[in-house]
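Data block below; observations after.
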Protein chains: 2
Amino acid sequence: MSYRPDPAASRLAAGRTGTVIVAVPIINSWYFSTVMAGAEAVCADAGLEFQVIGLSNDEARNRLLDEDRQIERRADGLILVDVRITPEQVASLERRNVGLATVGRSVHGHPAVCIDDEHVGRIAAEHLLGLGHERLAIIGGLADDPMNFDVPKSRRRGFEQELDARGISLDPGLVANGNFSVADGVEAMNDLLAHPHSPTAVFAMSDEMAFGAVTAMKSAGLNPGIDVSIIGVDDHEFSSVIDLTTIRQPVVDHGARAARLLLASMEAEPNAGSATNASFVHRPELELIVRATTGPPNAT
Amino acid sequence: MSYRPDPAASRLAAGRTGTVIVAVPIINSWYFSTVMAGAEAVCADAGLEFQVIGLSNDEARNRLLDEDRQIERRADGLILVDVRITPEQVASLERRNVGLATVGRSVHGHPAVCIDDEHVGRIAAEHLLGLGHERLAIIGGLADDPMNFDVPKSRRRGFEQELDARGISLDPGLVANGNFSVADGVEAMNDLLAHPHSPTAVFAMSDEMAFGAVTAMKSAGLNPGIDVSIIGVDDHEFSSVIDLTTIRQPVVDHGARAARLLLASMEAEPNAGSATNASFVHRPELELIVRATTGPPNAT
DNA sequence: CTGAAAGCGCTAACAA
DNA sequence: TTGTTAGCGCTTTCAG
């Protein structure tokens, strides 16, 4: 007959919760909500409850991970998306047998899905250099960093590596801050345009910042891809609409993959103590999508 | 000392779960993820677990609400965002003592947060008519409707009411479909521009569709706010960037308010049987934000 | 291999 | 009032 176990009773008796928690810095942001969507679908398929926690700052993160919070009694597994975690906190989770998977950051001994951010930078640089640009700028630098986000550092490193390889140097004055929002992109681009020797090509570390930058360029009467080239990262839905050249990453898949890896790892070590299995990092494919906002430098 | 009850044990013993579920049609969409963020913050403050379920179609919705699923054992309350629910399903939830609050749709006997969509249409019409436009179009019509979304119908009704009041009629050929995405906005605007007698002003039912429409206009060499006016709805973060005139609705607040109403109603009737309290609908404020994409008709 | 029984850690009802 | 106890409905272990 149609018998369904009571989740509360089975939790109590079995000590397992049948729940996965995903923690993101900001719930209503394109990237994070897209990762969440991917993870939720996988959890729903697996019959697991899917909880979301917004961690706007380090304090909230520590509260979640704090042993007093007893996350092990609320969830079997945790997916951290761009959330920093200390080795002590990782060890604590292991001790408490809470599965862990991460997105955008890797933790030794646990599955991670993260793109190669240096490679992102290299792809961008390679594309722009290949078009003949020599005066390059970056949007998405080292602004206020509440979450210790190190994606920007890696992308910049890759970008500079590629420049170095061709004997071109990056003017530090052409690295504009930006916290990955559209508004930041506008501001950053305005700063770059105000530079005495403004760039012919710009690498924006996210499409959203690129949108802002494109807007700023247009306000300044500049034609993206002709007067100034710009490349973003993500392949946001809106990118194709404004014909933005970008580096696509499969974001829904990040979430889905992390969830699948988490489930597999939880199945594999139902009651292991310390980290026995090796760290395995999954690197989603990156794809350069060339559209209209990049082109050869304008012969001025 | 630092004693913390085991949620599973307390659930089992008390029959309450300390969990709220929010169900949305699409997790990774601007509107829904923004509502979620508001609701999550309130639930986190109240010490409640916050679960998210994506309901991409009616079947998934029915599965969630199906008595077999025993949602009453998984959550104390449910927030439905633009999710249709039948009276039988409402009655079933009441019988099972699951709290219910809705966003974007109202259910008799339960708290709801929903803007007055006819009013949205009226504000848009009033603004455009006030500028002197007479040839008006709508983007966001009656396209495929997997979720029985009736927001578009109400907005259109309000829009037409206002037109009627001024003795102006809406050309049915100038009502373009659109499922609230950027891409749909592009397509819809292209259709409108292809019309033999194209509009001087357009009401897009969401900012995202308006973004697409603006893009299409620019591709056609038209200047928004000068050649053709366009007004959106939402006040999406990107709107200020492209200077889009829009009708702001406080979306984070929709979620926060719905969560607070849910919590209050759950507290009020811890074990009531049928719907005893009256239906109360909260109507968030709407605000016309006039920016650059609307202006008087071009004297051509 | 099948079936009974002993908790899991609470809450709520009850007795003192 | 305060302290005690009987379940809540499973899972798992242990005996048959």
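Lettering of chains follows the sequences in order, A, B, ..., and the numbering in each one begins at 1.
Counting all heavy atoms, side chain and backbone alike, A:V103 lies closest to A:A258 at CG2-CB, 3.4 Å. What you find for A:D117 and A:V151 is that their closest heavy atoms are OD1-CG1, 3.6 Å.
Between A:D235 and A:E287, the closest side-chain pair of non-hydrogen atoms is not below 4.5 Å.
The CZ-C1' distance, from B:R11 to C:dA12, rounds to 19 Å in whole Å. Residue B:Q70 contributes atom CD, which lies 16 Å from atom P of D:dC8 at whole-angstrom precision. Summarising the geometry, the separation between CG on A:L12 and C1' on D:dC10 is reported as 8 Å, rounded to the nearest angstrom. Between A:D6 atom CG and D:dC10 atom P there is a gap of 6 Å when expressed in whole angstrom units.
Considering only the side chain of B:A14, C:dT11 comes nearest among D:dC10, D:dC8, C:dT11. Side-chain proximity of A:R16 to the nucleotides D:dG9, C:dT11, D:dT12 is greatest for D:dT12. Comparing C:dG9, D:dT11, C:dT11 by their closest approach to the side chain of B:A9 singles out C:dG9.
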Identify all side-chain donor-acceptor contacts of residues 25-33 of chain B below 3.5 Å with residues at least two apart in sequence or on another chain.
from: B:W30; atom 1: NE1; to: B:E237; atom 2: OE1; distance (Å): 2.6
from: B:S33; atom 1: OG; to: B:S29; atom 2: O; distance (Å): 3.0
from: B:S33; atom 1: OG; to: B:W30; atom 2: O; distance (Å): 3.4

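B:Y3 has a side-chain polar atom (N or O) that falls below the 4.0 Å cut-off from OP1 or OP2 of C:dC10.
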Exercise for the section: Heavy atoms under 4.0 Å is the rule here; annotate nucleotides 2-7 of chain C 5' to 3' with B where the base is hit, S where only the sugar-phosphate is, and - elsewhere. Expected result: -----B
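A donor-acceptor distance shorter than 3.5 angstrom exists from the side chain of A:R61 to the backbone of A:R84, with no hydrogens or angles considered.
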Exercise for the section: In sequence, state the C-alpha distance, the side-chain angles, and the governing distance for A:Q70 and B:D6, and then conclude on side chain to side chain donor-acceptor pair (under 3.5 Å). Expected result: CA-CA 8 Å; A:Q70 294 185 99; B:D6 180 331; over 6 Å; no
